[in-house]
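Accompanying notes for the structure given below.
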Amino acid sequence: GERIAVAGTGGESGAGEVVVRDTTSGEQTTLDAGLGADTVQAVRFSPDGSMLAVAAFGDGVRVWDVASGKVLTPILARAGRVIGPIAWRPDGSGLVAQAVDETSRIGVWDPRTGQHRRWLGDPADEMAYSLAYDGSRLAVGRIDGSVALWDTAAGKRLFRSTAHRDAAGADAGAVPVVVALSDRLLASASQYDNSLRLYHRGDGSAAGRITDRTRSSDSSAAAQGPTIMTFSGDGTTLLTATGGRVMVWDPVERTRLGRLAGGTGGGTTGGRTIAALAVTADAATTVAARIGGRVVDWRRGTPWYETPRGS
């Protein structure tokens, strides 16, 4: 909760930038990113906050030392190239990313040397869209509408589901799936599916689902479902981002708690679209970055917002 990192393209030069802001002093530092105009996929702090990993299309994955603002290493592929999504080992000793050549495969790399250490799971024909990793479990959501859960210690896949693909229908095309892990549950969602699906983290068995009734009822409207999903730090709530809205859910009771207030921002609808969402480890603060460049935060106890209905 001491720092926020935001990356993107824009400004007068149109070049990519990575900015780290101290949440206490408000001081901002721009890292020597050298991203050019490549689109940034993800930024992730190491658990102790000393390193920052950035994945960008065309530029691969690099790791920076936050204190000095200098790059430590690019993440090196054994074959093909390394891209996002990315995640850290809980102890910060390894960075998890996706290697792509003829197939997609999730692996672990040394964040200081860039060298490959091991693979997590088997190769897949479709690219990963999102992943979650906590040291013993790896969850992967892919663009073909599938989600899989792996026991990484045993090297065993616990389950694979195509429920989001099945719900979207054969004519949906790509069906990207977002995933999140808590200490008890795996959650998954798709832009083309009205259900937030829950699975037991231990064995991947079904734990229920939440029907998202906040979505547009217009069946012709594309990509109306969540594009981002994360659990709060204590795992008691599940947060999803759809367009410019942040919704909060109870994953145990499988109910909607509400919508975070004051997050609509200004500017065009496209500029309000949420590109990234994070919650501090103590669940006290939620932070969202919008495509238009604005960063919005909510403190614990922020009142819910409900759209007025009726006459």
Side-chain angles (χ1 to χ4, degrees), residues 85 87 121 126 128-152 154 156-170 172 175-217 219 221 223-243 245-260 274 277-279 281 283 286 300 304-307:
E126 298 291 341
Y129 181 77
S130 65
L131 64 81
Y133 179 63
D134 62 8
S136 64
R137 293 291 185 271
L138 170 71
V140 182
R142 297 192 180 275
I143 62 172
D144 64 351
S146 68
V147 56
L149 180 68
W150 290 81
D151 178 337
T152 56
K156 176 184 177 182
R157 189 176 75 185
L158 299 176
F159 93 110
R160 180 179 182 271
S161 170
T162 60
H164 293 294
R165 157 60 66 188
D166 299 339
V175 183
V177 174
V178 291
V179 295
L181 277 174
S182 73
D183 60 349
R184 295 184 178 182
L185 295 171
L186 160 64
S188 67
S190 165
Q191 299 171 358
Y192 301 95
D193 182 0
N194 282 327
S195 294
L196 311 179
R197 301 179 185 273
L198 302 171
Y199 305 90
H200 292 290
R201 175 190 172 281
D203 60 6
S205 59
R209 65 181 183 176
I210 305 171
T211 300
D212 184 356
R213 302 187 186 280
T214 67
R215 290 183 47 176
S216 170
S217 60
S219 62
Q224 293 294 314
T227 55
I228 303 170
M229 170 183 283
T230 186
F231 279 100
S232 60
D234 57 6
T236 58
T237 57
L238 178 67
L239 293 86
T240 60
T242 303
R245 302 174 301 168
V246 177
M247 307 302 299
V248 185
W249 314 83
D250 184 327
V252 176
E253 298 297 328
R254 300 194 289 278
T255 57
R256 180 172 67 92
L257 296 176
R259 170 181 167 185
L260 290 182
I274 294 171
L277 182 68
V279 185
T286 301
R300 192 197 307 246
W304 303 125
Y305 169 83
E306 294 292 342
T307 303

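Using a 4.5 Å cut-off on side-chain heavy atoms (C-beta onward), Ile210 and Arg256 make no contact. Proximity of Tyr129 to Arg142: side-chain heavy atoms (C-beta onward) are nowhere separated by under 4.5 Å.
One finds the CG atom of Asp212 at 4.0 Å from the CH2 atom of Trp249 (value rounded to the nearest 0.5 Å). For the atom pair OG of Ser190 and CE of Met229, the computed distance is 10.0 Å after rounding to the nearest 0.5 Å. Distance check: Leu260 CG to Met247 CE gives 8.5 Å after rounding to the nearest 0.5 Å. In this structure, CZ on Arg165 lies 9.5 Å from CD1 on Ile143, to the nearest 0.5 angstrom. Atoms CD and OG1, on Gln191 and Thr242 in that order, are 9.0 Å from each other to the nearest 0.5 Å. Atoms CG and OG1, from Asp134 and Thr152 in turn, are 7.5 Å apart once rounded to the nearest 0.5 Å.
The two residues Ala148 and Trp150 have their closest heavy-atom pair at CB-NE1, 4.1 Å. Between Leu186 and Ala139 the shortest heavy-atom distance is CD1-CB, 3.5 Å. Nearest heavy-atom pair across Leu239 and Ser232 is CD1-N, 4.0 Å. Taking every heavy atom of both residues into account, Ala132 and Leu181 meet most closely at O-CD1, 3.6 Å. Scanning both residues, Gly204 and Tyr199, for their nearest heavy atoms gives O-CD2, 3.5 Å. Across every non-hydrogen atom of Asp193 and Ala163, the tightest pair is OD2-O, 4.2 Å.
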Exercise for review: Could you walk me through whether Ser188 and His164 pass side-chain contact (heavy atoms from CB on, under 4.5 Å), step by step?
Suggested key: CA-CA 9 Å; Ser188 67; His164 293 294; 2.8 Å; yes
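Using modelled atom types, one side-chain atom of Ser130 and one backbone atom of Val179 make a donor-acceptor pair closer than 3.5 Å.
The side-chain contact (heavy atoms from CB on, under 4.5 Å) with Leu149 is formed by just one residue from the set Val140, Leu158, Leu138; it is Leu158. Tested against Arg137 for a salt bridge (Lys or Arg N to Asp or Glu O under 4.0 Å), the candidates Asp151, Asp203, Asp183 yield a single pass: Asp151.
A donor-acceptor contact under 3.5 angstrom links the side chains of Arg201 and Ser136, judged on distance only.
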